[in-house]
Amino acid sequence: MSSAGAIDQLVKALQSGGPTLVLTGAGVSLASGIPTFRGTDAGAVWASNVMARATLQHFERDPADSWSWYRERHARVLAAQPNPAHRALVDLERWHAARGAAFRLITQNIDLLHEAAGTRAIVKVHGSIDRARCVDASCAASDTTVPTASLDFTAFDARPDAATVPRCAACGAVMRPHVLWFDEDYGSHADYGWPDVLEGCDAMRLVVAIGTSFSVGVTGLIASEAGRRGIPLFVIDPQGAAIVGRGVVGLREKAEELLPRVCAALGAAA
Ligand code: APR
């Protein structure tokens, strides 16, 4: 349990006016029934899967396995509902707007729960499980993502195979999930919003990181920038902050329990 002092510190930091950058990871959606990747929860993704499965190389080698895996996860996401953490972040965004203070939420999550709760200023830097695009980057259509629901998976569901994976209407190449894989760059597609991440990073005066183990690039960038510029970085994680450094304050709390309390203390609760 965090000290009341640390929670007060977070409330005071938020009252100092921002710009506030909120960075979320899988831990914020665990209470909605979506497992983390590296957490202590029973269904943690990398506890039962190899990370190589989340690569372009794997998709190119075995698109049927990749799609079967994402469709399974998509079904779980579609069945999930936002939890009090997602809703409190909407209240926090509105509270900033009412004060004319800047707020941006960068999520590593490919689920739809922030949007479903009502978050507006969001950057989905790892993509979104409900979107797909042509795998061939030289195809003009690959610049645009389409709803996965607009693809016909009838043949694929009957016989999951590379030959039955839905095809690009423009060039006939296979369609791929619009998610960022480990062997890809953040700049590899405009819809990851990397320029917005860099802009948010430049503007931030306060960072609140929620439910992330700081294991991948975007979190490293934001944490190192915050450390370099002496910007307070609050980390909400029941396991404690996965990083240490100047200005880092760990709050050993569950997001769904702490964030509504923070909003209540700010007078931001809807
Ligand atoms: N509230 C807050 N944090 C929580 C909660 C909770 N209720 N439950 C668990 N956590 C914490 C865990 O302790 C863990 O530190 O959330 C963190 C989740 O870490 P990861 O599973 O590593 O997820 P994340 O940091 O989002 O992973 C980053 O790596 O696997 C790739 O692309 C994938 O986006 C993902 C990226």
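One-based numbering, in listed order, for ligands and for the atoms of each. Here, residue 1 is the first one in the sequence, and each next residue gets the next number.
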Validation: residues 113-121 side-chain donor-acceptor distances under 3.5 Å, sequence neighbours left out:
| unit_1 | atom_1 | unit_2 | atom_2 | d |
| --- | --- | --- | --- | --- |
| H114 | NE2 | T24 | OG1 | 3.0 |
| E115 | OE2 | K124 | NZ | 2.8 |

(message) Under the salt bridge (Lys or Arg N to Asp or Glu O under 4.0 Å) definition, can you give me all pairs with a residue in residues 39-58, not counting sequence neighbours?
(response) R53-D65
(request) Report yes if the distance between the aromatic ring centroids of W181 and Y186 is under 6.0 Å, otherwise no. (result) no
(message) Under 6.0 Å between ring centres: does that hold for F156 and W67?
(response) no
(request) Taking the six-membered ring for Trp and the single ring otherwise, decide whether the centroids of W95 and F103 are under 6.0 Å apart. (result) no
(message) Quick test of your reading: applying ring pair (Phe, Tyr, Trp, His ring centres under 6.0 Å), list the pairs with at least one residue in residues 205-251, sequence neighbours left out, ordered by first then second residue.
(response) none
(message) I'd like the residue list for ligand 1, meaning every protein residue with a non-hydrogen atom under 4.0 Å from the ligand.
(response) G25, A26, G27, L30, T36, F37, R38, G39, W46, Q108, H126, F182, G211, T212, S213, V216, I236, D237, P238, Q239, K254, A255, E256
